[in-house]
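Owing to the predicted nature of the structure, the values given are computational and were not obtained by experimental measurement.
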Amino acid sequence: MSPPLAPQGWSRWLVPPAALSVHLAIGQAYAWSVFKPPLESALGLSGTQSALPFQLGIVMLGLSAAFGGTLVERKGPRWAMTVALVCFSSGFLLSALGAATGQYWLIVLGYGFVGGVGLGIGYISPVSTLIKWFPDRPGMATGIAIMGFGGGALIASPWSAQMLESFGTDNAGIALAFLVHGLTYALFMLLGVVLVRVPRTTRPTGHVPAGHAPAAEALTGPQVSARGALRTPQFWLLWLVLCMNVTAGIGILEKAAPMITDFFADTSAPVSATAAAGFVALLSAANMAGRIGWSSASDVIGRKNVYRLYLGAGALMYTLIAMFGDTSKPLFVLCALVILSFYGGGFATVPAYLKDLFGTYQVGAIHGRLLTAWSTAGVLGPLIVNWVADRQEAAGRHGSSLYGLSFLVMIGLLVVGFVANELVRPVHPRHHVPSPDLTKEAADDRRQQHESA
């Protein structure tokens with residue numbers, strides 16, 4: 001299924017809303033914790049068991065993005081958004097069946113495996129299209145879309161909680177909430193499927209906006225295939241950069257509410273459950289704002305410089321929390337918000353970083369392969385924080401001392417990422433795809449697009 005070519009006079013600003021309709025839907029993944037307590041109560045699950053659908057979903061996000069990236073490039077964003085719609089919504093419908101029948105394995109299969117495939121394909125579906133529509137501002141364009149993934153939980157969390165309150169937290173209530181999610185998100189994501197368009201130009205060159213020199217998008221720039229990118233040190237350095245940045249951010253995000261409660265449990269002004277929930281909402285807002293704010297800033301100051309900020313200042317924020325976090329709530333909250341803004345910004349900036357290094361030729365497929373770093377970090381970050389906290393608690397420690405060692409580990413990981421970013425250099429010309437091959441690819445694309453129009 002190929003997307004229709006944009007008609008003459010089509011505004012490129014209609015493409016970000018198409019991307020947002022998909023990303024705001026799949027961003028529900030960050031609100032999974034709303035379902036954890038009801039599932040634990042209704043099905044007799046442990047906390048580890050109730051986290052399994054989310055963990056599998058993040059793993060499948062990275063794997064499906066990696067293996068499906070080339071297909072997304074070949075078949076186009078409409079095909080990808082359709083696959084994402086079917087998988088993500090079907091995942092909720094399977095989960096509804098699992099909740100209704102008391103079969104937890106169906107929830108793991110539906111939300112984690114099938115829905116996780118929808119997460120991965122949906123996440124990368126608009127990336128290369130947006131970069132081709134906005135060659136002058138790729139960081140801003142991808143930031144607008146990927147902002148939706150960070151902000152999806154701001155919509156899904158209160159909505160899900162309200163449904164569970166209305167429907168009940170027994171098996172039937174959870175099943176009905178899953179069913180409503182699946183049907184509603186299918187309709188919402190359909191907007192993106194209908195609205196998305198590709199520019200009336202060749203795949204390698206992209207759209208040339210008014211006032212933007214056509215020469216800047218000529219085929220003489222670096223253009224690297226997805227297979228070729230895997231053979232470059234630049235790809236693996238960026239993989240390490242993304243993995244370290246995500247691990248550091250998700251370490252706070254996954255345990256945010258109990259963490260701030262523990263930090264101030266022994267003070268004269270402990271943090272209430274309501275305040276802890278508000279802290280989580282603030283982190284989600286910072287995550288979302290960082291995706292558009294920092295990625296747009298990267299168009300001005302450069303990708304390498306903005307990652308220096310993410311990793312260097314991120315390590316400083318962790319140092320401040322470790323040393324002084326339990327003495328000042330404003331300091332703790334501010335540092336955590338900055339770290340989460342860097343977490344979101346790192347996701348939104350990396351597609352533009354890849355475009356700078358590897359060109360637009362197969363940037364969507366390259367981005368998909370890079371997201372395996374997210375799968376790794378999604379396991380690594382929570383594992384570090386929870387394992388260290390459990391060990392410290394077993395040793396009789398409590399409060400902020402539960403997290404000191406894990407914060408030191410996070411600082412070390414950010415330093416590793418900082419060094420990896422410094423080692424990134426332009427891709428050697430031997431990895432570039434020869435211009436005749438690009439021209440042939442462009443001709444094939446034009447023919448296929450006109451045939452499908």
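- With sequence neighbours left out, the salt bridge (charged side-chain N to carboxylate O under 4.0 Å, His left out) criterion links R369 to no other residue.
- For D262, the salt bridge (charged side-chain N to carboxylate O under 4.0 Å, His left out) criterion is met by no residue, not counting sequence neighbours.
- Within the structure, the side-chain hydrogen bond (donor to acceptor under 3.5 Å, both in side chains) test picks out the following pairs touching residues 90-113 (sequence neighbours left out): Q28-Y111, Q103-W105.
- Under the side-chain hydrogen bond (donor to acceptor under 3.5 Å, both in side chains) criterion, no residue pair touches residues 13-24, with sequence neighbours excluded.
- By the side-chain contact (heavy atoms from CB on, under 4.5 Å) test, L14 is found to be paired with W10, S11, residues two or more places apart in sequence or in another chain being considered.
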Could you give the side-chain donor-acceptor pairs of residues 234-244 under 3.5 Å, partners two or more places apart or in another chain?
unit_1: Q234; atom_1: NE2; unit_2: R425; atom_2: O; d: 2.9
unit_1: Q234; atom_1: NE2; unit_2: P426; atom_2: O; d: 3.0
unit_1: W236; atom_1: NE1; unit_2: L230; atom_2: O; d: 2.8
unit_1: W239; atom_1: NE1; unit_2: T372; atom_2: OG1; d: 2.8

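- Between F92 and F178, the ring planes are tilted. Angles from 30° to 60° get that label.
- Annotation: ring-ring contact (aromatic ring centres under 6.0 Å, His included) contacts of F264 (sequence neighbours excluded): F332.
- Not a single side-chain hydrogen bond (donor to acceptor under 3.5 Å, both in side chains) links Y185 to another residue, sequence neighbours left out.
- Taking the six-membered ring for Trp and the full ring otherwise, the centers of W374 and F149 sit less than 6.0 Å from each other.
- Here the side chains of Y361 and V224 are not in contact, with every heavy-atom distance at 4.5 Å or above.
- For Y353, the ring-ring contact (aromatic ring centres under 6.0 Å, His included) partners are Y307, not counting sequence neighbours.
- For V34, the side-chain contact (heavy atoms from CB on, under 4.5 Å) criterion is met by S157, S160, A161, L164, not counting sequence neighbours.
- Residues that satisfy the salt bridge (charged side-chain N to carboxylate O under 4.0 Å, His left out) test with R308, not counting sequence neighbours, are E422.
- Ring geometry for F342 against W294 counts as tilted: the plane angle lies between 30° and 60°, on a 0 to 90° scale.
- Evaluation of the side-chain hydrogen bond (donor to acceptor under 3.5 Å, both in side chains) rule for S64 yields no partner, not counting sequence neighbours.
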